Amino acid sequence: MILETNTYKDALIADIQVKEANLTVSDSFKDEMTALIDKGNKYIIVNFEKVMYVDSSFLGALVSSLKYAIANKAEIDVAGLNKDVAGLFQLIRLNKAFKIHASAVEAATNKS
């Protein structure tokens with residue numbers, strides 16, 4: 001399991017449980033996200049709080065999950081990005097595709 005989930009308000013918080021989000025975990029992440037969307041979750045916050053490193057394959061899986069969510073009338077936001085990962089999101093303009101929040105709780109609280 002790459003994700004550990006819990007519910008807060010109307011959001012499902014999906015905490016990534018690995019320090020390195022890379023090719024070795026990207027397919028599992030995408031499968032788990034698809035399953036969460038298929039279960040009817042409409043607002044998912046992907047929490048990167050434990051993640052120190054992200055590679056392009058994992059970001060591809062994240063974008064693929066977003067496309068699947070949109071097709072199923074769901075939303076995905078991200079939270080808890082460290083300075084390096086946040087910089088990468090800005091560099092490749094993922095900050096335009098995802099709402100980025102300081103923390104998962106803040107994202108769920110401000111959703112209303």
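The shown structure was predicted, so the numbers you read here are calculated from the model rather than taken from an experiment.
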inquiry  = Are the side chains of Q17 and I2 in contact, using a 4.5 Å heavy-atom criterion?
reply    = no

request  = Check whether any side-chain heavy atom of Y53 sits under 4.5 Å from a side-chain heavy atom of V85, and report yes or no.
outcome  = no

ask   = CD of E49: more than 12 outside heavy atoms within 6.0 angstrom?
value = no

query = What about I76 and I92, same hydrophobic cluster or not, with Ile/Leu/Val/Met/Phe/Trp/Tyr joined at side-chain heavy-atom distances under 4.5 Å?
reply = yes

request  = May I ask you to list the residues sharing a hydrophobic cluster with Y43, side-chain cutoff 4.5 Å, ordered by chain and number?
outcome  = Y8, I13, I45, V105

ask   = Quick one: CG on L81 to CG on N95, what's the gap to the nearest 0.5 Å?
value = 10.0 Å

task = Please report the shortest heavy-atom distance between L36 and A14, naming the atom on each side.
result = CD1-CB, 4.4 Å

task = State whether the number of non-hydrogen atoms from other residues, nucleotides or ligands found under 6.0 Å of K99 atom NZ is greater than 12.
result = no

task = Taking the side chain as every heavy atom from C-beta outward, state whether I44 and E75 have any atom pair closer than 4.5 Å.
result = no

query = Any link between V46 and M52 through a network of hydrophobic side chains (Ile, Leu, Val, Met, Phe, Trp, Tyr) touching at under 4.5 Å?
reply = no

query = Does the side chain of N47 come within less than 4.5 Å of I16's, by heavy atoms?
reply = no

remark   = Heavy-atom closest pair (V54 atom, L88 atom, distance to 0.1 Å) is O-CD2, 3.8 Å

ask   = So which heavy atom on E20 is nearest to which on V25, and how close?
value = O-CG2, 4.0 Å

ask   = Quick one: ring-ring contact (aromatic ring centres under 6.0 Å, His included) pairs with a partner in residues 54-87, sequence neighbours left out?
value = F29-F58

request  = For D77 and H101, run side-chain hydrogen bond (donor to acceptor under 3.5 Å, both in side chains): C-alpha distance rounded to whole Å, both residues' side-chain angles, the deciding distance at 0.1 Å, then the answer.
outcome  = CA-CA 8 Å; D77 286 358; H101 304 273; 3.0 Å; yes

query = Which heavy atom of V51 sits nearest a heavy atom of A21, and at what distance?
reply = CG1-CB, 4.1 Å

request  = Compare every heavy atom of S26 with every heavy atom of A61, then report the nearest pair and how far apart it is.
outcome  = CB-O, 3.5 Å

ask   = Roughly how far, to the nearest 0.5 Å, is the OG atom of S64 from the CG atom of D27?
value = 9.5 Å

ask   = Hey, does T34 have a side-chain heavy atom less than 4.5 Å from the side chain of D38?
value = yes

message = Could you tell me if the side chain of D15 sits less than 4.5 Å from the side chain of N6, heavy atoms only?
response = yes

inquiry  = Measuring from atom NZ of K39 to atom CG of L12, what distance do you get when rounded to the nearest 0.5 angstrom?
reply    = 9.0 Å

request  = Please report the closest heavy-atom contact between A11 and A108, naming both atoms and the distance.
outcome  = CB-CB, 3.9 Å

inquiry  = Can you tell me if K67 has over 12 outside heavy atoms packed within less than 6.0 Å of its NZ?
reply    = no

key: Side chains of I100 and F89 in contact at under 4.5 Å (non-hydrogen atoms)   = yes

task = Give, for atom OG of S57 and atom CG of L62, the distance between the pair rounded to the nearest 0.5 Å.
result = 11.5 Å

